[in-house]
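Heads up, the thing below is written out as structure tokens.
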Amino acid sequence: MAKPTIKELLAMAPQEQSVEVLGWVRNRRGSKQVAFITVNDGSTIHNIQVVVDLNQIPEEQLKDVHTGASVRVLGKLVPSQGSGQAVEVQAQEIEVLGPADPEKYPFQPKKHSLEFVRENAHLRARTTTFGAVFRIRHHVSYAIHKFFHEEGFFYVHSPIITASDAEGAGAMFRVTTLDPKNPPLTEDGEVNFKEDFFERPTNLTVSGQLEAELMALGLGRVYTFGPTFRAENSNTTRHLAEFWMIEPEAAFYDIHDNMDLAERFVKYVIRHVLEHCADDLAFLEKRLLDEEKSKKQEERSPMPLIEKLNFVVENAFERLTYTEAIDILLQSKPHKKNQFQFPVSWGIDLQAEHERYLVEKHFKKPVILTDYPKEIKAFYMKQNDDGKTVRAMDVLFPGIGEIIGGSQREEDYDKLKRRMEEVGISTEEMWWYLDTRRFGSVPHSGFGLGLERFVQFITGMGNIRDVIPFPRTPGNAEF
RNA sequence: UCCUCAGUAGCUCAGCUGGUUAGAGCACCUGACUGUUAAUCAGGGGGUCGCUGGUUCGAGCCCAGCCUGAGGAGCCA
């Protein structure tokens with residue numbers, strides 16, 4: 001039999017059978033006669049209680065049993081005499097595999113601030129909160145693959161190193177093997193990338209979308225799921241320099257198919273987590289409620305975490321155009337009372353305060369905005385007949401803002417080429433992208449979803465650095 | 001990058017208008033306790049008050065610069 005995890009041990013019927021417990025000590029307490037050790041192995045949020053009769057187990061075996069130590073316990077699985085758990089392990093032998101000096105181990109059996117735990121990111125998988133978050137992150141990732149597979153989408157691996165710097169999605173990390181102190185120069189005194197590894201400038205990808213489009217125009221329905229890099233100097237609770245993005249792309253999908261897909265997708269994944277991570281969600285919900293006790297009434301969430309997730313699953317997303325959204329904002333109280341920091345008018349890029357008003361105050365549910373002015377959106381989006389707007393769609397969520405950004409793509413070769421020239425994107429370097437519109441072009445659509453923002457929404461974690469194991473942010477790449 | 005706030009024991013924090021030897025809870029160590037649930041009770045050890053400079057008879061507290069962190073904004077997913 002495979003070694004049972006604590007999750008499996010807790011589910012067994014206690015019949016005084018011999019069991020082995022492997023895990024990390026969370027806490028130890030007790031009296032002269034008996035000691036209680038709570039052990040966790042990460043398989044579940046629940047701990048198993050090991051009971052030690054001090055008349056039978058030599059003191060020597062217990063002296064290194066401190067919070068943080070790893071242990072192997074041999075014992076019998078019995079019904080618990082205490083009220084906090086159904087089963088427990090009556091210890092017969094305890095071995096400390098790796099001691100943890102209690103003077104130096106950073107975590108204690110008490111509540112720590114997220115800032116402190118974040119500074120100990122190398123050990124934080126051992127905490128209750130982060131165990132729950134990372135188990136949920138796994139289930140989210142699994143449900144994403146499951147959803148797309150069931151919908152007939154193929155998982156494609158887009159490149160991480162790209163030569164294209166035309167995607168316009170922000171500052172990029174240069175990839176080079178040149179000596180930074182002494183790079184080869186051209187006659188003009190510029191760095192000569194002809195001598196670099198790829199014989200041209202290359203960067204880490206900021207999006208797999210363009211490659212996903214190439215694959216979709218052949219495989220039909222595809223999605224990417226991989227790391228993405230942005231060298232922006234962003235210091236917020238919603239930005240990372242390295243994050244994971246999911247980008248489906250589907251041939252013969254128009255903007256409405258795209259919206260339907262996005263809504264189905266989000267609901268499917270949340271439903272999966274509700275079904276499979278109930279214990280972790282319950283803990284995170286309680287944690288959030290405790291945290292919010294110290295906040296003002298108006299800053300508290302309108303509903304508890306699980307209720308919020310059910311609400312998203314059960315209600316249709318509100319769909320409206322950018323133009324309709326601007327009208328609502330122009331009619332709104334904050335606009336009339338001059339309370340928006342950024343004034344509202346048709347053509348502006350919506351600010352966080354505007355999106356929050358629409359999602360949190362006006363509709364009180366997820367919102368999909370479409371048909372944005374072309375000036376504030378990317379070159380590849382399909383142009384509407386009005387000549388002013390493009391078939392973009394942004395899905396806005398309460399608390400975190402834009403969680404999905406997508407569009408129907410411009411499939412018309414001439415329109416796409418003209419737009420690229422207008423905004424100054426090299427049609428020569430992007431010949432391969434334009435080629436898909438020269439040969440057998442079809443309407444197609446797709447979107448990008450930031451995995452971490454999604455996990456933030458599902459777990460209720462306020463800071464994006466707490467939903468990725470080892471966050472990369474400006475000035476921060478330890479661990 | 002900009003704005004705001006914060007930095008006191010391993011952790012969470014208190015420290016009055018500048019005044020003598022800087023405090024509490026938790027953790028740790030010692031002891032007590034027949035089954036605990038972040039156990040409880042008694043005692044003990046533990047501090048470069050972020051760093052540098054300044055004002056002052058005297059600075060944890062006031063001033064300047066810097067460092068680090070958090071929240072908000074921009075950029076976006």
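Heavy-atom basis, side chains included; hydrogens, waters and symmetry copies ignored. Order of the sequence lines fixes the chain letters, A, B, ..., with proteins taken first and strands second; residue numbering starts at 1 for each chain.
- The side chain of Phe243(A) lies closest to rA77(B), out of rA77(B), rG69(B), rC28(B).
- Regarding contacts with the backbone of rA73(B), a side-chain N or O of Arg238(A) is found under 4.0 angstrom from either OP1 or OP2.
- Taking atom CZ on Arg126(A) and atom C1' on rA38(B), their separation rounds to 19 Å, with Å as the unit.
- Among the atoms of the strands shown, only primed sugar atoms or phosphate atoms (P, OP1, OP2) are found under 4.0 Å from some heavy atom of Arg118(A).
- When rounded to the nearest whole Å, the span between CZ of Phe173(A) and C1' of rC75(B) equals 14 Å.
- Ring planes of Phe379(A) and Tyr433(A): perpendicular class, angle over 60° (limits at 30 and 60°).
- The base of rG35(B) is paired with the side chain of Glu88(A) by a donor and an acceptor separated by under 3.5 Å.
- Among the protein residues, Gln341(A) comes within range of no part of the nucleic acid, since none of its heavy atoms lies under 4.0 Å from any strand.
- The distance between atom NE2 of His354(A) and atom P of rA73(B), rounded to the nearest whole Å, is 12 Å.
- Within 4.0 Å of Ser83(A), counting heavy atoms only, lies at least one base atom of the nucleic acid.
- Counting any heavy atom pair closer than 4.0 Å across all strands shown, Pro102(A) reaches sugar-phosphate atoms only and no base atom.
- Relative to the six-membered ring of Phe147(A), Lys267(A) misses at least one condition, a distance below 6.0 Å or an angle of at most 45° to the axis.
- Residue Ala352(A) is classed as a sugar-phosphate contact, given heavy-atom separations below 4.0 Å to backbone atoms only.
- We find that CG of Leu123(A) is positioned 15 Å from C1' of rC11(B), with the value rounded to whole Å.
- From Leu77(A), atom CG reaches atom CD of Glu88(A) across 9.0 Å, with rounding to the nearest 0.5 Å.
- With 3.5 Å as the limit, one finds no donor-acceptor pair spanning the side chains of His239(A) and Glu232(A).
- Side-chain N/O atoms of Gln81(A) and base N/O atoms of rG35(B) include a donor-acceptor pair closer than 3.5 Å.
- Here the CG atom belonging to Asp280(A) is positioned 7.0 Å from the OG1 atom belonging to Thr44(A), to the nearest 0.5 angstrom.
- The phosphate of rC76(B) has neither OP1 nor OP2 within less than 4.0 Å of any side-chain N or O from Thr236(A).
- Side-chain N/O atoms of Ser234(A) and base N/O atoms of rC75(B) include a donor-acceptor pair closer than 3.5 Å.
- Backbone-only engagement by Asn463(A) is indicated by non-hydrogen atom pairs under 4.0 Å involving sugar-phosphate atoms exclusively.
- Protein atom CG of Leu54(A) is 12 Å distant from nucleotide atom C1' of rC33(B), rounded to whole Å.
- To the nearest angstrom, P of rC76(B) lies 24 Å from CZ of Arg472(A).
- Comparing atom distances between the Phe116(A) side chain and each of rU36(B), rC11(B), rC75(B) picks out rC11(B) as nearest.
- Using a 4.0 Å heavy-atom cutoff across all strands shown, Glu103(A) reaches sugar-phosphate atoms only and no base atom.
- Mapping His112(A) and Gln33(A) onto RNA chain B via the closest heavy atom, the residue that lands nearer the 5' end is His112(A).
- Looking at the side chain of Thr237(A), the nearest of the listed nucleotides rC75(B), rC28(B), rG71(B) is rG71(B).
- Spacing of C1' atoms, rC62(B) relative to rC16(B), comes out at 15 Å, to the nearest Å.
- In this structure, Leu240(A) places its CG atom 14 Å from C1' of rC75(B), rounding to the nearest Å.
- The aromatic rings of His272(A) and Tyr142(A) lie tilted to each other, with the angle between the two planes from 30° to 60°.
- At distances below 3.5 Å, at least one donor-acceptor pair connects side-chain atoms of Asn315(A) with backbone N or O atoms of Phe311(A).
- Summarising the geometry, atom CZ belonging to Phe225(A) is positioned 4.5 Å from atom CG belonging to Leu451(A); distances are rounded to the nearest 0.5 Å.
- Counting to the nearest Å, the P atom of rA73(B) and the CG atom of Asn233(A) are 16 Å from each other.
- Phe107(A) places a side-chain heavy atom less than 4.5 Å from the side chain of Asn120(A).
- Checking the phosphate oxygens (OP1, OP2) of rA27(B), no side-chain nitrogen or oxygen of Lys110(A) falls inside 4.0 Å.
- Checking the phosphate oxygens (OP1, OP2) of rA70(B), a side-chain nitrogen or oxygen of Arg465(A) falls inside 4.0 Å.
- Taking the nucleotide of RNA chain B with the nearest heavy atom to each of Gln108(A) and Gln85(A), the more 5' of the two is matched to Gln108(A).
- Nucleic acid contact class of Gln351(A) (heavy atoms, under 4.0 Å, all strands): sugar-phosphate only.
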> Dot-bracket for RNA chain B, 5' to 3', with Watson-Crick and G-U pairs under 3.5 Å, [ ] for crossing pairs and | for other-strand pairs: what is it?
Replying inline: (((((((..((((.....[...)))).(((((.......))))).....(((((..]....))))))))))))....
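- Residue contacts for Phe36(A): at a heavy-atom cut-off of 4.0 Å it reaches a base atom on one of the strands shown.
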